[in-house]
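The block underneath contains the structure these notes are about, expressed in structure tokens.
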Amino acid sequence: MSSDGPSVNGAGEVPTVLVRDVEGRQLLCFLEQLIPLDGNDYALLTPVDTPVCLVKIAADDDSDDEVIDELDGAEPILSVAEVVLQEHDLTLVRSAVTLTVSGELEEPDPEELEEEIAEEEEDDESDLYEMLIQFRAEGQEYGLFIPLDPFFVVARMQNGEGILVEGEEFERVQPRIEAELDERELGES
């Protein structure tokens, strides 16, 4: 990958950017938009690999499933998920920002997807996620779920790489980035 700016992928279409978080983890993303603010270039990105979230599945219908955001203690569970994914020729990646899965995923049937979304819109308690795999670890059911809504990452461009924008900086620039994107969208129509 070139270090002097976003590179073009093998298909020659969409540039990609390598994003790093404060812990040094990386995430390869497609460059969707570049927004100049305060002398910095901010990039709106989408992951190249499929983002997933780890969910602890409720043992009974009275409880809600629990998304596990803090993955520090989840290594034994993620190890089981890795083995299950390998059976499907998929790889779990502990990326910056989110867990991702690399490999060839089956594309959902567009008609089935529309039916699922329509059903989920009727059921307010249901999130827009699709289960990728379900597995048992440490006596508990877990699943890896794919968000159906687009998953965006904001990064500040520096020396051809993206530095993940988090915390106060994110709170400060996020509304301005949204306003700029809205203005660009209005300009195109």
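Only heavy atoms go into these numbers, but all of them, side chains included; no hydrogens, no water, no symmetry mates.
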Practice prompt. Heavy atoms only: give me the nearest Gly162-Met157 pair and the separation to one decimal.
Written response: CA-SD, 4.1 Å
Fill in: Members sharing Ile35's hydrophobic cluster (side chains within less than 4.5 Å)
Leu37, Tyr42, Leu44, Phe152, Val154, Val165, Phe170, Val173, Ile177, Leu181
Worksheet item: Quick one: which of Thr98, Thr46, Thr100 gives a side chain to side chain contact (heavy atoms under 4.5 Å, CB included) with Phe151?
Response: Thr98
Fill in: Whether over 12 other heavy atoms sit under 6.0 Å from Glu75 CD
yes
Item to complete: Apply side chain to side chain contact (heavy atoms under 4.5 Å, CB included) to Val67 and Asp69, showing your working.
Response: CA-CA 6 Å; Val67 176; Asp69 293 321; 3.5 Å; yes
Fill in: Atom pair OG1/CD1 of Thr50 and Ile146 - distance to nearest 0.5 Å
5.5 Å
Worksheet entry | Distance (rounded to the nearest 0.5 Å) between Gln26 CD and Leu164 CG | 12.5 Å
Worksheet item: Linking I/L/V/M/F/W/Y whenever any side-chain heavy atoms sit under 4.5 Å apart, do Val101 and Leu99 land together?
Response: yes
Worksheet item: Nearest heavy-atom pair of Arg25 and Ala96: which atoms, and what distance?
Response: O-CB, 3.3 Å
Worksheet item: Is there a side-chain contact between Glu141 and Lys56 (heavy atoms, below 4.5 Å)?
Response: no
Worksheet item: Of all heavy-atom pairs between Ala58 and Asp65, which one has the smallest distance, and what is that distance?
Response: N-OD1, 2.8 Å
Worksheet item: Is Glu138 close to Ile77 at the side-chain level, that is, under 4.5 Å between some pair of heavy atoms?
Response: yes
Discussion item. Applying side chain to side chain contact (heavy atoms under 4.5 Å, CB included) to Val22 and Glu166, what does each step give before you reach the verdict?
Written reply: CA-CA 9 Å; Val22 292; Glu166 300 177 278; 4.1 Å; yes
Worksheet item: In this structure, which one of Leu27, Val153, Leu45 forms a side chain to side chain contact (heavy atoms under 4.5 Å, CB included) with Val17?
Response: Leu45
Worksheet entry | Test item: Gln140 side-chain N/O and Ile57 main-chain N/O as donor-acceptor pair under 3.5 Å | yes
Discussion item. Using side chain to side chain contact (heavy atoms under 4.5 Å, CB included), reason through Val83 and Phe135 one step at a time and then give a plain yes or no.
Written reply: CA-CA 10 Å; Val83 171; Phe135 57 96; over 6 Å; no
Discussion item. How long is the straight-line distance from OG of Ser102 back to CG of Leu85, given to the nearest 0.5 Å?
Written reply: 9.0 Å
Worksheet item: When rounded to the nearest 0.5 angstrom, what distance separates CD in Glu70 from CG in Asp72?
Response: 4.0 Å
Worksheet item: Within the side chain of Asp21, is there an N or O that forms a donor-acceptor pair under 3.5 Å with the backbone of Glu23?
Response: yes
Item to complete: Considering non-hydrogen atoms only, spot the tightest contact between Leu31 and Ala43 and give its length.
Response: CD1-CB, 3.6 Å
Discussion item. Do Arg176 and Gln174 pair up side chain to side chain, a donor and an acceptor below 3.5 Å, judged on atom types alone?
Written reply: no
Worksheet entry | Asp60 side chain to Ser63 backbone, donor-acceptor under 3.5 Å | yes
Worksheet item: With hydrophobic residues grouped by side-chain heavy-atom distances under 4.5 Å, do Ile68 and Val84 end up in a single group?
Response: yes
Discussion item. Counting C-beta onward and ignoring hydrogens, is there a side-chain heavy-atom pair between Leu71 and Leu54 closer than 4.5 Å?
Written reply: yes
Discussion item. What's the separation between atom CD in Gln33 and atom CZ in Arg184, rounded to the nearest 0.5 Å?
Written reply: 5.0 Å
Worksheet item: When rounded to the nearest 0.5 angstrom, what distance separates SG in Cys53 from CG in Leu144?
Response: 8.0 Å
Fill in: Step-by-step side chain to side chain contact (heavy atoms under 4.5 Å, CB included) determination, Arg94 to Leu78
CA-CA 9 Å; Arg94 290 153 182 82; Leu78 295 176; 3.3 Å; yes
Discussion item. For Ala81 versus Ile133, what's the shortest heavy-atom pair and its separation?
Written reply: O-CD1, 3.9 Å
Discussion item. Any non-hydrogen side-chain atom of Glu130 less than 4.5 Å from a side-chain atom of Leu132?
Written reply: no
Worksheet item: Taking all non-hydrogen atoms of both residues, which atom of Met131 and which atom of Phe145 are closest, and how far apart?
Response: CE-CZ, 3.4 Å
